[in-house]
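Data first, discussion second: the structure below is written as structure tokens.
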Amino acid sequence: MRPGTTVRWRRRVGRWRRAGCAALITGAVVFPLSGAARPQIPAPAPAVLAAPTAATLEEAYAANRANAERAARMAADHGDHDRAAADRSLADRSRRLLAFDGRGAGLVTEVLGDLARADRVAVLVPGSDTGIDTYGRFRAAALALHRQLVAEAPAGTRTAVVAWLGYATPGTVSTTVVTTDRADGAAPGLRDLVADLRRVTGPDTHLSLLCHSYGSVVCARAAHGLAVSDIALVGSPGTGSDTAAGLHTEARIWAGRGADDWVEHVPHVGVGLFGTTVGFGTDPVSPDFGARVFDAGDGGHSDYFDTGSRSLTNLARIVLGQTTEVTHG
């Protein structure tokens with residue numbers, strides 16, 4: 001091929017791939033695809049614990065690690081060695097698990113940093129296809145953010161990150177990913193988490209929600225009156241609200257989308273179909289929505305927390321309250 005032809009071909013393939021992903025998500029409404037159901041993996045019920053306080057955090061961490069260890073043994077006895085390994089990793093003594101449920105796809109809430117003494121806390125809310133089996137990639141994003149916060153925080157400012165896999169995320173290619181149903185079910189749990197964090201940290205700590213993909217729908221459903229300073233919508237297909245004002249929150253609403261994110265091609269509509277609403281309405285990075293749009297760089301849908309990226313830099317600035325330093329697309 002001539003010089004430049006290869007580049008044009010790659011760009012064309014990239015556009016086809018992004019459009020194909022969008023078509024799959026949209027088409028899932030009418031032609032739902034479902035793979036073979038994974039057999040249920042046995043696991044113990046979650047540990048029964050009182051609402052956490054600064055004084056009881058270590059007790060909660062230990063109890064949830066012990067539960068993860070029991071889940072690992074049960075998964076191994078069942079013959080699922082991949083799940084057993086994932087559970088065993090979560091049971092490591094270094095992990096700070098605020099919550100753990102090894103049943104089904106699994107739920108995990110993990111703390112990075114010293115939550116009880118933090119001045120700034122970021123809560124990461126994941127999108128589709130996130131469970132214990134894929135938790136490693138979600139945790140990698142939380143770790144990258146925590147490292148960025150530690151590196152950029154002013155002297156004396158203490159930070160923590162909470163990776164909240166606290167709801168049953170939808171599958172990327174399914175009917176659930178194009179409705180607010182899962183988000184409506186998840187929102188009370190996110191509100192409860194914020195209340196727990198406030199109980200641990202006190203009222204003066206700044207809390208921010210960083211919400212990726214379908215997680216932005218969850219954050220939007222929980223936003224009304226939520227005691228957080230900032231809500232950042234990252235790679236969002238929409239929120240179910242026509243405007244940022246429609247979220248009914250005093251938090252600053254931010255939105256960013258990478259230049260190579262296929263979610264740009266998802267139709268921004270809300271249509272009543274089969275007794276539910278399909279689609280999430282106004283594009284959060286459009287002027288009509290009214291969010292503070294930040295520069296999310298050139299990355300794709302899974303690149304927002306890549307070390308050194310413009311998106312990660314700006315998200316850290318949002319968490320740290322350095323709002324005048326956030327760059328805009």
Practice task
Indicate yes or no: at least one non-hydrogen side-chain atom of T282 is less than 4.5 angstrom from one of T243.
Solution key: no
Exercise for the section: Please report the C-alpha distance between I318 and R292 in whole Å, then the side-chain angles of each, then the deciding distance to 0.1 Å, and finally whether the side-chain contact (heavy atoms from CB on, under 4.5 Å) criterion is met. Expected result: CA-CA 11 Å; I318 290 169; R292 302 178 183 215; over 6 Å; no
Practice task
Quick one: list whatever passes salt bridge (Lys or Arg N to Asp or Glu O under 4.0 Å) with R95, sequence neighbours left out.
Solution key: E110
Problem - Distance in Å, E264 CD paired with D283 CG, rounded so as to fall on 0.5 Å steps - result: 8.0 Å
Handout entry: Pairwise salt bridge (Lys or Arg N to Asp or Glu O under 4.0 Å) hits with a residue in residues 302-315, at least two apart
Key = D295-R310, D298-R310
Completion exercise
In terms of heavy-atom contacts, G235 and D261 come closest through CA-OD2, 3.5 Å
Handout entry: Side chain to side chain, W164 and L209, heavy atoms closer than 4.5 Å
Key = no
Completion exercise
d(L49 CG, N67 CG) to nearest 0.5 Å is 9.0 Å
Practice task
Would you kindly confirm whether L98 and L107 end up in one hydrophobic cluster when ILVMFWY residues are joined by side chain heavy atoms under 4.5 Å apart?
Solution key: no
Handout entry: Pair L115-L197, side-chain contact (heavy atoms from CB on, under 4.5 Å): steps then yes or no
Key = CA-CA 8 Å; L115 180 61; L197 296 179; 3.8 Å; yes
Problem - Shared hydrophobic cluster for V108 and L210 (ILVMFWY, side-chain gaps under 4.5 Å) - result: yes
Exercise for the section: Begin with the C-alpha distance, continue with both residues' side-chain angles, and end with the deciding distance and a verdict on side-chain contact (heavy atoms from CB on, under 4.5 Å) for D129 and T134. Expected result: CA-CA 8 Å; D129 291 324; T134 57; 5.7 Å; no
Practice task
Group every Ile, Leu, Val, Met, Phe, Trp and Tyr by side-chain heavy-atom contacts under 4.5 Å, then state whether V194 and L233 land in the same group.
Solution key: yes
Practice task
May I have all residue pairs that pass salt bridge (Lys or Arg N to Asp or Glu O under 4.0 Å) and include part of residues 314-329, sequence neighbours excluded?
Solution key: none
Practice task
Write down the atom of L97, the atom of A68, and the distance for their closest heavy-atom approach.
Solution key: CD1-CB, 4.4 Å
Handout entry: Stepwise side-chain contact (heavy atoms from CB on, under 4.5 Å) test for F138 and L124
Key = CA-CA 9 Å; F138 178 48; L124 266 61; 3.9 Å; yes
Problem - salt bridge (Lys or Arg N to Asp or Glu O under 4.0 Å) involving R65 - partner list, sequence neighbours excluded - result: none
Tabulate below the donor-acceptor pairs under 3.5 Å that side-chain atoms of residues 216-229 make, not counting sequence neighbours, or state none.
residue : atom : partner : partner atom : Å
S216    : OG   : S213    : O            : 2.6
S216    : OG   : S236    : OG           : 2.7
R221    : NE   : D184    : OD1          : 2.7
R221    : NH2  : D184    : OD1          : 3.3
S229    : OG   : H206    : ND1          : 3.3

Please list every donor-acceptor pair under 3.5 Å in which a side-chain atom of residues 140-163 meets a protein atom from a residue at least two apart or in another chain.
residue : atom : partner : partner atom : Å
R158    : NE   : R117    : O            : 3.0

Handout entry: Straight-line distance of R96 CZ to E58 CD, nearest 0.5 Å
Key = 6.5 Å
Practice task
Nearest 0.5 Å please: distance from the NE2 atom of H78 over to the CD atom of Q40.
Solution key: 8.5 Å
Exercise for the section: For R103, enumerate each residue passing the salt bridge (Lys or Arg N to Asp or Glu O under 4.0 Å) test, keeping only those at least two apart in sequence or located in another chain. Expected result: D101
Handout entry: Residue pair S241, T239: steps toward the side-chain hydrogen bond (donor to acceptor under 3.5 Å, both in side chains) verdict
Key = CA-CA 5 Å; S241 174; T239 64; 4.6 Å; no
Problem - Side chain proximity check, W254 to T323, heavy atoms < 4.5 angstrom - result: yes
Problem - Distance in Å, T180 OG1 paired with Y214 OH, rounded so as to fall on 0.5 Å steps - result: 6.0 Å
Handout entry: All ring pair (Phe, Tyr, Trp, His ring centres under 6.0 Å) counterparts of Y304, not counting sequence neighbours
Key = H212
Practice task
Please list all pairs passing the salt bridge (Lys or Arg N to Asp or Glu O under 4.0 Å) test where one or both residues lie in residues 228-237, with sequence neighbours left out.
Solution key: D230-R252
Exercise for the section: To the nearest 0.5 angstrom, please state how far the OG1 atom of T313 sits from the CD atom of Q322. Expected result: 11.0 Å
Exercise for the section: Is it possible for you to say whether I253 and V293 belong to one hydrophobic cluster, with membership spreading through side-chain heavy-atom contacts below 4.5 Å? Expected result: no
Practice task
Go through the structure and list residues passing side-chain contact (heavy atoms from CB on, under 4.5 Å) with A116, not counting sequence neighbours.
Solution key: A54, L57, D114, V200
Fill in the blank from the handout: Taken in chain and number order and not counting sequence neighbours, the residues that satisfy salt bridge (Lys or Arg N to Asp or Glu O under 4.0 Å) with R199 are D196
Problem - Partner set under side-chain contact (heavy atoms from CB on, under 4.5 Å) for T205, not counting sequence neighbours - result: V121, R198, T201, L207
Practice task
Using the side-chain hydrogen bond (donor to acceptor under 3.5 Å, both in side chains) rule, take S286 and D288 through it: C-alpha gap first, then chi angles, then the decisive distance, then the call.
Solution key: CA-CA 5 Å; S286 71; D288 289 341; 5.0 Å; no
